[in-house]
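By convention in this document, chain letters (A, B, ...) are assigned in the order of the sequence lines, proteins followed by strands, and residues within each chain are numbered from 1.
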There are 2 protein chains.
Amino acid sequence: MAKKPVSELKPIEEILSVWDVLTPDERQFVRNNYTVHHYKKNEMIHCEGELPTHMMILASGKVKVYKEGVGSRSQIIRMLKQGEHFGYRAIIANETYNTNVTAFEASTVYMIKADIFISILRHNNAFCYRFLEELATDLADSDARTVNLTQKHIRGRLAEALLLLKKNYGLEEDGATICIYLSREDLANLSNMTTSNAIRTLSNFVNEHVIAMDGRKLKIIDEERLRKISKMG
Amino acid sequence: MAKKPVSELKPIEEILSVWDVLTPDERQFVRNNYTVHHYKKNEMIHCEGELPTHMMILASGKVKVYKEGVGSRSQIIRMLKQGEHFGYRAIIANETYNTNVTAFEASTVYMIKADIFISILRHNNAFCYRFLEELATDLADSDARTVNLTQKHIRGRLAEALLLLKKNYGLEEDGATICIYLSREDLANLSNMTTSNAIRTLSNFVNEHVIAMDGRKLKIIDEERLRKISKMG
DNA sequence: TGACAACAATGTTATAAAGCACAAATTTAG
DNA sequence: CTAAATTTGTGCTTTATAACATTGTTGTCA
């Protein structure tokens, strides 16, 4: 975890999506009290069981949020992109972290001390409401994921994951390639299956001309079909 | 959905757990603007896809919150007891309900109109923060459930469900019988398995002297063992 | 350049859990 | 109080998926 000043990065004012509900004083307070941290690919940002010390904002890069389950199988819960917050749920609930966060690719994180974050939450109602909305949305996502992962069959789960990646990270200029390159293992951990099954099922999708593959590059060929597969389990 | 005045019921002041953070004005406002609704056993209180109109507080009885999944298999997400809130997540996230809520047994619900609820959230920071905490806790529960249900084996999932019921509803005077009587089907929907498997696995637990059964009455005999089963999957 | 490590692909086998069929018991309704 | 409906309990069969084993591919670095 390197800690150094940066230059080419978007300033916190542009990253922190709730900036506009802060008062000038709060804004200055944040500006004076955040730190910048850099993480290498695969470096862990925080870990299940630790006490939360900061709320974090992903300034650049991509990270995965996941839980360790039975026998070192891990389940990816969320994947974040620039501008998204994390690490604050545990602060609010007054618990230790219940997830691990690891950088997928080189990433930069802005951190705001927990007590400062809480203090703004406690004094600025619009700020507080903004996070209330965020958690309300995340909760619905989480419940939906539970049902997807438990009830859908392997093809449905993988199709779901591909659609989620597309929705979250978008497509490249060709209008087909998903803008994130995952290992088969991560793809498996996202869709609750073994790596072998992720590989197998991806190959099947290629044979059926639903997607195309080139290494980690995944192209969605027939989104309609993919959506159908995801629905029917 | 009957709507009538009540007498023997705890008043909203005692049920609404966030009452103490309300200002006298807000308190009066709520007192003047809530309604009371009675539901029979198995009656639906709200339904996936509907627009939320009220935040609700369970004044008496027990209800289940569940999602319909693939092929009419339903997954129970939460089970509520007296004093707990529901139906407000969708209001905050500005979405339709993503769950169904049904009364397990005859239940009474206090309802506060969505706009009134929002207006208090927007003006009373402590009230807003209180719900922020609630959602933060629920989110952790939901994520934990995802991993439990996807990664644990059938015995582990059922053991988990029994422990959850005990934690949530407590035990009767005998110090063993769980204070809620569920059908095998509901038990299955809670632990992501078929009814047959719930029955089978319960019988196994009885044979192993981990629990005892008498119809829907479930006694926990060896909680230590149950906890071990739940851990190991 | 060759050796090694990480990743990808695929066939085989073992097993957990779902599906199904049906009987018995219990609850609900007419 | 009986008939119907629902819930519960079991055995058998089938299926989905994990576990394992093997082999191929790519990239890295000494």
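The distance between atom CZ of A/R184 and atom P of D/dG24, rounded to the nearest whole Å, is 19 Å. Between the CG atom of A/L149 and the C1' atom of D/dA16 there is a distance of 16 Å, given to the nearest Å. For A/N204 and D/dT17, the CG to C1' distance is 13 Å, given to the nearest whole Å. Atom CG in B/L182 sits roughly 13 Å away from atom P in D/dT7 (whole-Å rounding). To the nearest angstrom, C1' of D/dT8 lies 13 Å from CG of B/D214. For the pair B/N42 CG and D/dT6 P, the computed distance is 11 Å after rounding to whole Å.
Taking the ring axis of A/F104 as reference, the NZ or CZ atom of A/K62 does not stay both within 45° of it and closer than 6.0 Å to the ring centre.
From one end of the helix from C/dT1-D/dA30 to C/dG30-D/dC1 to the other, with five pairs defining each end axis, the axis direction shifts by 40° (rounded to 10°).
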**Item:** Where protein sits on nucleotides 10-21 of chain C, one letter per nucleotide: B base, S sugar-phosphate only, - none, heavy atoms under 4.0 Å
**Value:** BBB----SBBB-
**Fill in**
Per-nucleotide protein contact along nucleotides 22-30 of chain C, 5' to 3', at a 4.0 Å heavy-atom cut-off (B base, S sugar-phosphate only, - neither), is ---------
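Side chain of B/K81 to backbone of B/N168: a donor-acceptor contact under 3.5 angstrom is found. Here the side chain of A/R157 pairs a donor or acceptor atom with the backbone of A/K152 at under 3.5 angstrom.
Ion pairing between a basic and an acidic side chain is recognised when a charged N comes within 4.0 Å of a carboxylate O; B/R89 and B/E95 show such pairing.
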